[in-house]
Student: 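So that we are looking at the same thing, I have put the structure below in structure tokens.
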Amino acid sequence: MNKMDYKQLVADAISDAIDNQVSTSDIYTKIENPKLSKNGDLAFPAFVLSKTMHKAPQEIAQEIVTKIDGVSFDKVVAAGPYVNFFLNKQGVSEQVISDILVEKNHYGDNQDGQDRVVTIDMSSPNIAKPMSMGHLRSTVIGNSIAKILTKNGYKPIKDNHLGDWGTQFGKLITAYLKWGNEEDVKKDPIHYLVQYYIRFHKEDQEDPELDVEAREWFKKLEDGDPEAVRLWEWFRDASLKAFKQTYQKLNVDFDTYNGESFYNDKLQNVVDTLKEQGLLEKSQGASIVDLSDEDLNPALILKTDGASLYVTRDIATAIYRDKTYHPVMNLYVVGSEQTYYFKQLKAVLKKMGLESADGLHHVPFGLITVDGKKLSTRHGNIVLLNEVLNESVKMAKEQIAEKNPGLNNKDQVAEDVGVGAVIFGDLKNARVDSIDFNLKDQLKFEGETGPYVQYAHARAESILKKAENPNFEKSNHSLTDDDSWEVIKLLQEFPKVVKHANQNFEPSDIAKYSLKLAKAFNKYYDHTKILVDDDELNARLSLVKSVSIVLEESLNLLGVKAPNEM
RNA sequence: GUCGCAGUAGCCCAGCUGGAUAGAGCAACGGUCUUCUAAACCGUAGGUCGAGCGUUCGAAUCGCUCCUGCGACACCA
């Protein structure tokens, strides 16, 4: 039994009290956290036993209370059909706080992953296009999942599957040669390249010749024409450089940048293998893999003209990852509009017998819209990530000037808070929720926001700094007042939250938890004077230290910085 | 048309492996800085949990039907 699992303690006690008529594991799943604190810390609804025991639930609750061995609890009371358990506050707080002080930022770590590798396909911006709020989602969710996986004992590999190949490069080269300017592109590559791209899509409505030219340029690129390759490499390098600046702002890095072009020489092998395995069929001139036995539409591998498609490339990618890393899971942090596609991809890989195919998980997230409309680079309808980040940092600077003008490292803190607000804002809601973007909402620093959590952490650190000789000796960590008890119960839950977030690939579990903890701490902070020289001073400081550790670690799991002052 | 996701307070969302009086935040109104950072805390007000039927001792939560919105449904990724 986990030393911290009080639910198990309760389940065992109940099972004993009813002479093991129902298994502890069955009881365990029924135990709940009461909404109201007057109903205890854990509760058992006795309804579930009334059928097997042929008694009224109220009667059963009474019986359990009289028979239970109460030494582990402050009290156990029957409230109608419920048995309410009040945990031993001194024991629990002593245990939880000393654990955190010893384990520090490793509190909540577990070894479920057993060092197994998980590949994460994430971020994946397109060359020569600016990163939008949509890319933010994939980047920030993927980054957080990687951190959560690490905390659960996995070895994540973050792979930025850049969109650096495809017919759009024919268009881009054509547009650049017609309207482009070398100096401009050198100055601000993405800004100008995207202008050319948008212009191309405007003008090709009138002038179908453009498309013909674009196709020719892409063909040249595929055939290794030096001029085409030179331009492509230039666009790619310049774009990547710009992306990396944004990633630096977000504090995200990648293990690999194997974009789509990386798999160019691996596509033929996919086609050959599918043929050898007898999976490839002709249909309406194209080559497909039939998936009707999986109740799915066929996967289109080769177009009528013999050209490959994205499935082909994704199959090559999955095979490469399988061979190179032997991952136990292969995650794709990609918008929910591609759910059906990933079902097809997985089905094909399973048919091919790929070892890691079962571990393929699409980790979808909801669409970002503006005024209810989908974002589109082509139509110039886009929210630029850099602009949002810059606005948010600017806002953070204003807040500092107003609230804490004497602060050191103002610029760094403004960066941490401004960027943190954007990241946290994206991660606090369930992944699948779609978001109608609104800059004003995004730039809120009050209430349920990243800065709120950061502020609670900074307050805790501020106290610890003021405390002359914080003494975290083991002897006295027990606190029993109501406000600190709420904090301690939350601290105790952290390891479970870490597991749950991992199982569901759900960073918002961590974000919501951090809000709850910050809120409970702010309440405690407001109601209790901490720096008072009495018997419990060290216990209070130990609690403050524990809160600071767990808040910082929660923010860290989200990829958000936790400044000590703000 | 078929499939998927969603519908909870004026707005944005928790709660959804069924359990005690449905919870936060924003916005509104009122209170709290000579005391550890007021980016905070406390209070007031605000609800047919999209609609209906069913399962159950008990349904926001599970099942079915319907309504609404968004998305996906072979040569874009």
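Quick caveat: nothing in here was measured; it's all calculated off a predicted structure.
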Student: Looking at C57(B), I'd like to know if its phosphate oxygens (OP1 or OP2) sit under 4.0 Å from a side-chain N or O belonging to K51(A).
Tutor: yes
Student: Quick one: label L36(A) by what it contacts on the DNA or RNA (base, sugar-phosphate, nothing), any heavy atom closer than 4.0 Å.
Tutor: base
Student: If only side-chain N and O atoms count, and only distance matters, is there a donor-acceptor pair under 3.5 Å linking D481(A) with S484(A)?
Tutor: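 Yes - a donor-acceptor pair under 3.5 Å links their side chains.
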Student: Looking at residues at least two apart in the chain, or sitting in another chain, which of them share a ring pair (Phe, Tyr, Trp, His ring centres under 6.0 Å) with W485(A)?
Tutor: none
Student: Classify the nucleic acid contact of K516(A) as base, sugar-phosphate or nothing, counting any heavy atom under 4.0 Å across all strands shown.
Tutor: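 No contact.
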Student: Are any of the side-chain nitrogens in R321(A) or D121(A) under 4.0 Å away from the carboxylate oxygens of its partner?
Tutor: yes
Student: What is the nucleic acid contact for N429(A), judged by heavy atoms within less than 4.0 Å: base, sugar-phosphate only, or nothing?
Tutor: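 Answer is sugar-phosphate: N429(A) comes under 4.0 Å of backbone atoms only.
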Student: Report which part of the nucleic acid T339(A) touches: base, sugar-phosphate, or nothing (heavy-atom distance under 4.0 Å, all strands).
Tutor: nothing
Student: What is the nucleic acid contact for A430(A), judged by heavy atoms within less than 4.0 Å: base, sugar-phosphate only, or nothing?
Tutor: sugar-phosphate
Student: What contact category does T528(A) fall into here, base, sugar-phosphate, or nothing, at under 4.0 angstrom with non-hydrogen atoms?
Tutor: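 Since a base atom lies under 4.0 Å of T528(A), the category is base.
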Student: How would RNA chain B look in dot-bracket form, 5' to 3', counting Watson-Crick and G-U wobble pairs with both distances under 3.5 Å and writing | for bases paired to another strand?
Tutor: (((((((..((.(.....[...).)).(((((.......))))).....(((((..]....))))))))))))....
Student: Give me the distance, rounded to whole Å, that separates G23(B) from C49(B) when you measure between the P atoms they each carry.
Tutor: 14 Å
Student: What interatomic distance, in whole Å, is found between C1' of C70(B) and the corresponding atom of G50(B)?
Tutor: 15 Å
Student: Report the distance from atom CD of E391(A) to atom CG of L443(A), rounding to the nearest 0.5 Å.
Tutor: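 Rounded to the nearest 0.5 Å, the CD-CG separation comes to 6.5 Å.
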Student: Let's test your reading of the model: under 3.5 Å, does the base of U21(B) pair with the side chain of K38(A) as donor and acceptor?
Tutor: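 A donor-acceptor contact between them is present.
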Student: Could you check whether K266(A) makes a cation-pi contact with F262(A), meaning its NZ or CZ is under 6.0 Å from the centre of the six-membered ring and within 45° of the ring axis?
Tutor: yes
Student: At under 4.0 Å between heavy atoms, what does D164(A) touch on the DNA or RNA strands: base, sugar-phosphate, or nothing?
Tutor: nothing
Student: Classify the nucleic acid contact of L531(A) as base, sugar-phosphate or nothing, counting any heavy atom under 4.0 Å across all strands shown.
Tutor: base
Student: With a cut-off of less than 4.0 Å, is there a side-chain N or O of R459(A) near OP1 or OP2 of A38(B)?
Tutor: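 So the side chain of R459(A) is within the cut-off, an N or O lying under 4.0 Å from OP1 or OP2 of A38(B).
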Student: State whether K403(A) places a side-chain N or O below 4.0 Å from either non-bridging phosphate oxygen (OP1 or OP2) of A39(B).
Tutor: yes
Student: When you check the phosphate oxygens OP1 and OP2 of U37(B), does a side-chain N or O of S462(A) lie under 4.0 Å from one of them?
Tutor: yes
Student: So, the side chain of S434(A) versus the backbone of G366(A): is there a donor-acceptor pair under 3.5 Å, distance only?
Tutor: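 No, because the side chain of S434(A) does not come within donor-acceptor range (under 3.5 Å) of the backbone of G366(A).
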Student: Could you check whether L302(A) gets within reach of a base, just the sugar-phosphate, or nothing at all, counting any heavy atom under 4.0 Å?
Tutor: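 Contact class for L302(A): none.
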Student: Between N404(A) and K428(A), which has a closest nucleotide on RNA chain B that is more 5'?
Tutor: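 Upstream on the strand: K428(A).
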Student: May I ask you to decide if the ring planes of Y263(A) and Y320(A) are parallel, tilted or perpendicular, using 30° and 60° as cut-offs?
Tutor: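 Perpendicular, since the angle between the ring planes exceeds 60°.
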Student: Does a side chain donor of either D26(A) or Y28(A) reach within less than 3.5 Å of an acceptor in the other side chain?
Tutor: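 D26(A) vs Y28(A): no donor-acceptor pair found between side chains.
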Student: Please compare D509(A) and S50(A) by the position of their nearest nucleotide in RNA chain B and report the one closer to 5'.
Tutor: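 Final value for this comparison: D509(A).
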Student: Determine the interatomic distance between P on A59(B) and the same-named atom on G52(B); round to the nearest Å.
Tutor: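 To the nearest whole Å, 14 Å.
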Student: Identify whether any heavy atom of K466(A) sits under 4.0 Å from a base atom; if not, whether one sits that close to sugar-phosphate; answer base, sugar-phosphate or nothing.
Tutor: sugar-phosphate
Student: If we take the C1' atom in both U48(B) and U55(B), what is their distance in whole Å?
Tutor: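 Comparing C1' positions in U48(B) and U55(B) gives a spacing of 22 Å.
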Student: Regarding Y525(A), tell me which of base, sugar-phosphate or nothing describes its non-hydrogen contacts under 4.0 Å with the strands shown.
Tutor: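 Answer is base: heavy atoms of Y525(A) come under 4.0 Å of a base.
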Student: Please enumerate all residues that pass side-chain contact (heavy atoms from CB on, under 4.5 Å) together with V383(A), with sequence neighbours excluded.
Tutor: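 V383(A) satisfies side-chain contact (heavy atoms from CB on, under 4.5 Å) with M133(A), V370(A), L375(A), V388(A), F437(A) once adjacent residues are dropped.
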Student: With sugar-phosphate meaning primed atoms plus P, OP1 and OP2, does V48(A) contact a base, only sugar-phosphate, or nothing at under 4.0 Å between heavy atoms?
Tutor: base
Student: OP1 or OP2 of A39(B) less than 4.0 angstrom from a side-chain nitrogen or oxygen of Y455(A), does that happen here?
Tutor: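 So the side chain of Y455(A) is within the cut-off, an N or O lying under 4.0 Å from OP1 or OP2 of A39(B).
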Student: Looking at every strand, decide which applies to A43(A) at a 4.0 Å heavy-atom threshold: base, sugar-phosphate, or nothing.
Tutor: base
Student: Looking at residues at least two apart in the chain, or sitting in another chain, which of them share a ring pair (Phe, Tyr, Trp, His ring centres under 6.0 Å) with Y513(A)?
Tutor: F494(A)
Student: Mind checking the C1' distance from G43(B) to A6(B)? Whole angstroms is fine.
Tutor: 35 Å
Student: Return a table of donor-acceptor pairs under 3.5 angstrom between the side chains of residues 415-427 of chain A and protein atoms on other chains or two or more places apart.
Tutor:
from, atom 1, to, atom 2, distance (Å)
D416(A), OD1, Q412(A), NE2, 3.0
D426(A), OD1, R137(A), NE, 2.9
D426(A), OD1, R137(A), NH2, 3.3

Student: How would you label the glycosidic angle of C33(B): syn (within 90° of 0) or anti?
Tutor: syn
Student: Can you list, by residue number, the residues of residues 441-453 of chain A that have a non-hydrogen atom closer than 4.0 angstrom to RNA chain B?
Tutor: K444(A), F445(A), E446(A), G447(A), E448(A), Y452(A)
Student: Identify whether any heavy atom of F47(A) sits under 4.0 Å from a base atom; if not, whether one sits that close to sugar-phosphate; answer base, sugar-phosphate or nothing.
Tutor: base
